[in-house]
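So that the names make sense, note that chain A is the first sequence line, chain B the second, and so on, each numbered from 1. For clarity, every value in this text was computed on a predicted model and none was experimentally measured.
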Amino acid sequence: MLSRLMQAAKFKKAATVKLARDFYEQRTVQAAQRLLGKYLVRAHPDGIKTGIILETEAYVGPEDQASHASRGRTPRTTVMFGPAGFAYVYVIYGLHHCLNAVTELEGYPAAVLIRAVEPCEGLDLMRARRRKQEIVSLASGPGRLCQAFGIERSLNGVDLCGDTLFVEDRHVSPAAIVATPRTGVDYAGPWKDMPWRFYIGGHPGVSKR
DNA sequence: CAAGAGATCATCT
DNA sequence: GATGATCTCTTGA
């Protein structure tokens with residue numbers, strides 16, 4: 001059994017190397033690509049959960065009709081208009097949560113949707129939350145990963161440069177990055193074809209479509 | 001394995 | 001009142 005001390009030690013180590021705000025201030029498409037291979041970390045009273053980011057999507061600016069922010073600033077999208085490095089978490093289809101990292105400058109609405117990770121630490125915690133056993137099915141999709149990691153609306157607006165949810169500045173170099181159009185945005189007119197979904201090629205943990 | 005439907009409600013019109 | 005940055009289960013080949 002992993003002692004509380006060991007977990008604390010791991011957490012402490014991870015916390016010292018988390019991505020800083022300036023990472024999130026870069027261009028969204030670039031941030032989406034550079035997040036691939038990095039470690040998403042969720043600290044929770046139950047224990048720590050981590051996973052390697054496998055799949056992301058970029059939602060870029062007020063013109064992007066695929067983005068929630070294209071309809072202007074609303075209570076929901078306020079976080080997207082705020083400064084970089086905060087979490088935008090929303091409920092979709094009344095059932096599932098999706099996690100985004102807000103990017104670029106304050107006033108310019110943009111974010112990276114984290115669509116899938118390869119679970120590393122906290123596997124049994126994730127299994128319990130997901131009620132699935134297979135590692136590959138624990139976090140291969142935006143809703144699945146939020147369920148596995150215990151990410152819900154209470155985390156909307158949390159600082160990704162804080163201690164509860166962050167990305168470790170540690171990189172597993174992806175063999176190949178694939179770019180495709182984003183998922184489920186057929187309504188987005190000319191923007192639906194922008195190749196702003198990125199994933200690690202050939203990895204089984206990438207979400208199905 | 002692919003296709004289709006149902007779940008279920010916050011959000012905006 | 002309509003819709004959705006999804007998931008799971010069922011059906012049928």
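The separation between A:R131 atom CZ and C:dC9 atom P is 12 Å, rounded to whole Å. The interatomic distance linking A:L95 (CG) with C:dA5 (P) rounds to 14 Å, in whole Å. Between the CZ atom of A:R129 and the C1' atom of C:dT8 there is a distance of 18 Å, given to the nearest Å. Across the protein-nucleic acid pair, A:R130 atom CZ and C:dC9 atom P stand 9 Å apart, rounded to whole Å. Look at CZ on A:R71: it is 11 Å from C1' on C:dA2, rounded to the nearest Å. One interatomic measurement links the two molecules: CD of A:Q147 to P of C:dT8, which rounds to 7 Å at whole-angstrom precision. Distance, A:Q65 CD to C:dT3 P: 16 Å, rounded to whole Å. For the pair A:H97 NE2 and B:dT8 C1', the computed distance is 12 Å after rounding to whole Å.
With a cut-off of 3.5 Å on both pairing distances, the Watson-Crick or G-U wobble partner of B:dA7 is C:dT6. When both pairing distances are held under 3.5 Å, C:dG1 makes a Watson-Crick or G-U pair with B:dC12.
Comparing C:dG4, C:dC7, C:dA5 against the side chain of A:H96 picks out C:dC7 as the nearest. Listed candidates were B:dC12, C:dC7, C:dA5. Nearest to the side chain of A:R144 is C:dC7. For A:T74, the side-chain atoms get nearest to B:dT11 when compared with the rest of B:dT11, B:dA7, C:dG4. Out of B:dC12, B:dT8, C:dT6, the shortest distance to the side chain of A:Y93 is found at C:dT6. Here the side chain of A:K132 is nearest to one of C:dT6, C:dA5, C:dT8, namely C:dT8.
A:R197 comes within 4.0 angstrom of no nucleic acid atom, judged by non-hydrogen atoms across all strands. As judged by a 4.0 angstrom heavy-atom cut-off over every strand, A:R76 is placed among residues touching the sugar-phosphate backbone only. Nucleic acid contact class of A:R153 (heavy atoms, under 4.0 Å, all strands): sugar-phosphate only.
Within the 4.0 Å cut-off from OP1 or OP2 of B:dT11, not a single side-chain nitrogen or oxygen of A:H68 is found.
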Could you check A:I53 against A:L36 for side-chain contact (heavy atoms from CB on, under 4.5 Å), going step by step and ending with a plain yes or no? CA-CA 5 Å; A:I53 297 173; A:L36 295 176; 4.3 Å; yes
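The neighbour count for A:R71 CZ, taken as heavy atoms of other residues, nucleotides or ligands under 6.0 Å away, does not exceed 12.
Between A:R182 and A:D64, at least one side-chain N (NZ, or NE/NH1/NH2) sits under 4.0 Å from a carboxylate O, which counts as a salt bridge.
Of the N and O atoms on the side chains of A:T74 and A:T77, at least one donor lies less than 3.5 Å from an acceptor on the other residue.
When atom types are taken as modelled, the side chain of A:T50 and the backbone of A:E121 share a donor-acceptor pair closer than 3.5 angstrom.
Taking each heavy atom of A:L160 and A:A101 in turn, the nearest pair found is CD1-CB, 3.6 Å.
The base of C:dA5 is paired with the side chain of A:Y90 by a donor and an acceptor separated by under 3.5 Å.
Nearer to the 5' terminus of DNA chain B, by closest-nucleotide assignment, is the contact made by A:I92 (compared with the other of A:T77 and A:I92).
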